Amino acid sequence: MKPFIRILCTAGLLFTASQSFAQNKNDYTTRIDSLIQSPTSPRPFNGVVLITQNGKIKYSKAYGFQDSRTKAPLKMDNQFEIMSNTKQITSVLILKQFEKGRLDLQAPIKKYLPSLTQPWADSVTVHQLLNHTHGIVDAEKPLLFKPGTEFKYGNLSNILLGKIVEKTSGKPYIQQATDLFKKLHLKNTFCYSKDSRRNLVYGHMNKDNNFTLVENSFITDENLPADGVITTAEDMVLWNSLLHKGKILTSKSYKLMTTASTLSQHDVFGKEKSGYGYNMRIVKYNGIPYLGHTGLGDGFASLNVYVPGSDVSIIVLENQMSEDSNLYYYQEALIRDIVLQSSLIKNKP
């Protein structure tokens with residue numbers, strides 16, 4: 001068992017035992033409150049939690065500070081870097097080009113990026129960039145494996161996808177994303193700019209529960225399609241509702257995005273491999289299907305989970321990142337499990 005999984009399992013057992021005062025495991029509000037306020041946790045929680053069902057708020061709480069220097073308290077409308085959860089937006093922008101007939105998902109990427117000089121540009125497809133089965137490790141180096149045969153996650157694929165969006169649309173990625181946010185009324189969502197922070201909180205590195213402010217973001221125009229979206233928990237819930245209820249993509253495109261086309265393992269989602277679509281994980285928890293993704297970097301961590309059968313969204317955003325990799329997404333994973341065990345979820349086994 002990997003260290004991170006072992007810690008989560010142990011912590012989960014201890015946490016459950018310590019909650020004997022709770023009426024039952026469906027008292028998710030008490031359990032989440034106790035988790036994020038626990039003084040004995042291996043790391044403090046510093047972020048916001050928003051849980052909704054059928055568009056109604058079931059749990060909403062901001063806990064911690066916006067800035068470790070001022071200790072100004074976090075608010076639910078604060079904006080966070082969501083890092084790799086940005087990749088869902090890039091997938092949607094690609095699929096919108098597909099819907100307009102400007103892009104063939106099975107075409108080699110050389111068709112859209114003729115400046116690529118490596119031989120693999122004639123064999124790697126757009127589809128393989130979307131599900132990370134491309135084998136590219138560096139734009140100037142040979143492939144790590146034959147395209148389509150293995151999974152290797154990374155930012156480069158979405159950097160290339162961003163360039164393909166620009167090539168096929170004739171507009172900069174940031175403009176395409178901004179237009180999409182405006183159309184969807186995501187009023188508090190935008191692409192990172194060092195000149196306009198709006199209501200973006202500061203990220204922090206956490207080493208042994210000592211916080212260091214991250215003053216210089218690594219987000220650039222180049223990697224923006226992989227990591228560069230800023231948003232609020234409320235806007236992420238709205239995004240989930242629109243995406244998963246057919247308000248953004250056609251049913252064909254949505255099915256492509258949310259159907260497993262490869263397998264991938266990620267500690268937050270279990271020790272076994274689970275399905276992976278277009279920058280989307282397709283997972284089961286004790287027989288309950290759900291969709292999700294994580295984001296980490298720049299002193300931020302995010303978890304976005306949607307449970308289709310119960311119309312439940314679970315959003316956890318933190319402006320801290322543990323230097324101990326065993327503690328990545330520590331509370332995020334436990335909050336997800338608490339909700340999936342709760343009365344909010346229908347048809348539990």
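Only a predicted model underlies this, so the values are computations on that prediction, with no experimental measurement involved.
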Trainee: Could you report the tightest heavy-atom contact between S302 and Y329, atom names first, then the distance?
Mentor: O-CE2, 3.6 Å
Trainee: Measuring from I338:CD1 to D27:CG, what's the distance to the nearest 0.5 Å?
Mentor: 10.0 Å
Trainee: Around atom CD1 of I57, are there more than 12 heavy atoms from other residues, nucleotides or ligands closer than 6.0 Å?
Mentor: no
Trainee: Mark yes or no for whether D179, through its side chain, and Q176, through its backbone, hold a donor-acceptor pair below 3.5 Å.
Mentor: no
Trainee: Under 3.5 Å, is there a donor-acceptor pair linking the side chains of N131 and T133?
Mentor: yes
Trainee: Centre-to-centre under 6.0 Å for Y285 and F269, is that the case here?
Mentor: no
Trainee: Nearest 0.5 Å, please: how far is CD in Q88 from OG in S91?
Mentor: 7.5 Å
Trainee: Quick check against the 3.5 Å criterion: does Y112 have a side-chain atom that pairs as donor or acceptor with the backbone of D104?
Mentor: yes
Trainee: If hydrophobic clusters are built from ILVMFWY residues whose side chains come within less than 4.5 Å, do V339 and V316 share one?
Mentor: yes
Trainee: Ion pair present between E234 and K187, side-chain N to carboxylate O less than 4.0 angstrom?
Mentor: no
Trainee: For a quick test of reading the model, state the closest non-hydrogen atom pair linking L161 to T90 and the distance between them.
Mentor: CB-CG2, 3.8 Å
Trainee: Under 3.5 Å, is there a donor-acceptor pair linking the side chains of T149 and K146?
Mentor: no
Trainee: Are M257 and L186 joined in one hydrophobic group, where the rule is that I, L, V, M, F, W and Y side chains link up if heavy atoms are under 4.5 Å apart?
Mentor: yes
Trainee: L256 versus F98: any side-chain heavy-atom pair under 4.5 Å?
Mentor: yes
Trainee: In a check of side-chain hydrogen bond (donor to acceptor under 3.5 Å, both in side chains) between D311 and each of K56, Q53, K245, which one passes?
Mentor: K245
Trainee: When you check the side-chain N and O atoms of Q79 and T232, is any donor under 3.5 Å from an acceptor?
Mentor: no
Trainee: In terms of heavy-atom contacts, does NZ of K194 have more than 12 from other residues, nucleotides or ligands at under 6.0 Å?
Mentor: no
Trainee: Using the side-chain contact (heavy atoms from CB on, under 4.5 Å) rule, take K152 and L144 through it: C-alpha gap first, then chi angles, then the decisive distance, then the call.
Mentor: CA-CA 9 Å; K152 185 171 178 56; L144 187 63; 3.3 Å; yes
Trainee: Is there side-chain contact between L105 and T125, with heavy atoms separated by less than 4.5 Å?
Mentor: no
Trainee: How about N158 and H132: do any of their side-chain heavy atoms sit closer than 4.5 Å?
Mentor: yes
Trainee: Report the distance from atom CE of M280 to atom OG of S261, rounding to the nearest 0.5 Å.
Mentor: 12.0 Å
Trainee: Ignoring hydrogens and angles, state whether a donor on the side chain of S196 or S193 is under 3.5 Å from an acceptor on the partner side chain.
Mentor: no
Trainee: Within the structure provided, determine whether W239 and T189 are in side-chain contact (heavy-atom separation under 4.5 Å).
Mentor: no
Trainee: Output the distance between atom OG (S157) and atom CD1 (I136), rounded to the nearest 0.5 Å.
Mentor: 7.5 Å
Trainee: Do you know which two heavy atoms are closest between K207 and E323, and how far apart they sit?
Mentor: CD-OE1, 3.4 Å
Trainee: Side chains of R336 and Y290: donor-acceptor distance under 3.5 Å anywhere?
Mentor: yes
Trainee: Test your reading of the model: is there a side-chain donor-acceptor pair from T86 to the backbone of M83, 3.5 Å cut-off?
Mentor: yes
Trainee: Quick one: is the NZ or CZ of R197 closer than 6.0 Å to the six-membered ring centre of Y202, and within 45° of its axis?
Mentor: yes
Trainee: Keeping the roles fixed (side chain from D122, backbone from K110), state whether a donor-acceptor pair exists under 3.5 Å.
Mentor: no
Trainee: For the atom pair OG1 (T52) and CD1 (I315), what is the distance rounded to the nearest 0.5 Å?
Mentor: 7.5 Å
Trainee: Going by distance alone, is a donor N or O of one side chain under 3.5 Å from an acceptor N or O of the other, for S322 and N206?
Mentor: no
Trainee: Assigning hydrophobic clusters by single linkage (Ile, Leu, Val, Met, Phe, Trp, Tyr; side-chain heavy-atom cutoff under 4.5 Å), is L50 placed with L334?
Mentor: no
Trainee: Okay, side chain of N188, backbone of T231: is any donor-acceptor separation there less than 3.5 Å?
Mentor: no
Trainee: Would you please indicate if the ring centroids of H266 and Y153 are separated by under 6.0 Å?
Mentor: no
Trainee: Can you tell me if CD on Q97 sees more than 12 non-hydrogen neighbours from other groups inside 6.0 Å?
Mentor: yes
Trainee: Say whether S169 and R102, considering side chains only, have a donor N or O and an acceptor N or O under 3.5 Å apart.
Mentor: no
Trainee: Flag the pair V229 / Y192 as yes when at least one side-chain heavy-atom distance between them is below 4.5 Å, and no otherwise.
Mentor: no
Trainee: How about D77: does its CG atom have over 12 heavy atoms from other parts shown lying under 6.0 Å from it?
Mentor: yes
Trainee: Would V237 and V305 show up in the same hydrophobic cluster when neighbours are defined by side-chain heavy atoms closer than 4.5 Å?
Mentor: no
Trainee: Any sub-3.5 Å donor-acceptor pair from K96's side-chain atoms to I248's backbone N or O?
Mentor: yes
Trainee: Locate the shortest heavy-atom distance separating P44 from F211; write the atom from each residue and the value.
Mentor: CG-CZ, 3.7 Å
Trainee: V126 and side chain to side chain contact (heavy atoms under 4.5 Å, CB included): which single residue from T168, L160, I94 fits?
Mentor: I94
Trainee: Which heavy-atom pair separates S253 from L95 by the least distance, and what is that distance?
Mentor: O-CD1, 3.7 Å
Trainee: Evaluate side-chain contact (heavy atoms from CB on, under 4.5 Å) for H127 paired with Y278, printing each intermediate quantity in order.
Mentor: CA-CA 8 Å; H127 164 83; Y278 287 173; 2.7 Å; yes
Trainee: To the closest 0.5 Å, what do you measure between CD (Q118) and CG (D138)?
Mentor: 8.5 Å
Trainee: Check D221 against P225 and note the closest heavy-atom contact, atom names and distance.
Mentor: O-CD, 4.1 Å
Trainee: Checking R43 against E332 for the salt bridge (charged side-chain N to carboxylate O under 4.0 Å, His left out) test, could you report, in this order, the C-alpha distance in whole Å, the side-chain angles of both residues, the deciding distance, and whether it holds?
Mentor: CA-CA 12 Å; R43 62 153 215 188; E332 284 82 350; 3.1 Å; yes
Trainee: With the side chain counted from C-beta on, respond yes when I282 and T259 share a heavy-atom pair under 4.5 Å apart, and no when they do not.
Mentor: no
Trainee: What I'd like to find out is whether the side chain of Y59 reaches to under 4.5 Å of the side chain of V49, using heavy atoms alone.
Mentor: yes
Trainee: When you measure from the side chain of N78 to the backbone N and O of Q66, does any donor-acceptor pair fall under 3.5 Å?
Mentor: no
Trainee: What I'd like to find out is whether the side chain of I219 reaches to under 4.5 Å of the side chain of E81, using heavy atoms alone.
Mentor: yes
Trainee: Check the pair Y276, F151 against ring-ring contact (aromatic ring centres under 6.0 Å, His included), reporting the backbone distance first and the verdict last.
Mentor: CA-CA 9 Å; Y276 199 92; F151 176 96; 5.0 Å; yes
Trainee: Could you tell me whether Y254 and H244 have their ring centroids closer than 6.0 angstrom?
Mentor: yes
Trainee: Strictly distance-based, threshold 3.5 Å: is any side-chain N or O of D67 a donor or acceptor partner for the main-chain N or O of R69?
Mentor: yes
Trainee: Would a distance-only check, ignoring hydrogens and angles, find a side-chain to backbone donor-acceptor pair under 3.5 Å from S123 to W120?
Mentor: yes
Trainee: Would you please test I36 and K61 for side-chain contact (heavy atoms from CB on, under 4.5 Å) and show each step?
Mentor: CA-CA 10 Å; I36 65 177; K61 185 157 291 186; 3.9 Å; yes
Trainee: One pair to check against side-chain contact (heavy atoms from CB on, under 4.5 Å): N46 and F65. What are the steps and the verdict?
Mentor: CA-CA 7 Å; N46 205 90; F65 49 76; 3.5 Å; yes
Trainee: Any donor and acceptor pair, going by atom type alone, linking the side chain of E166 with main-chain N or O of P172 inside 3.5 Å?
Mentor: no
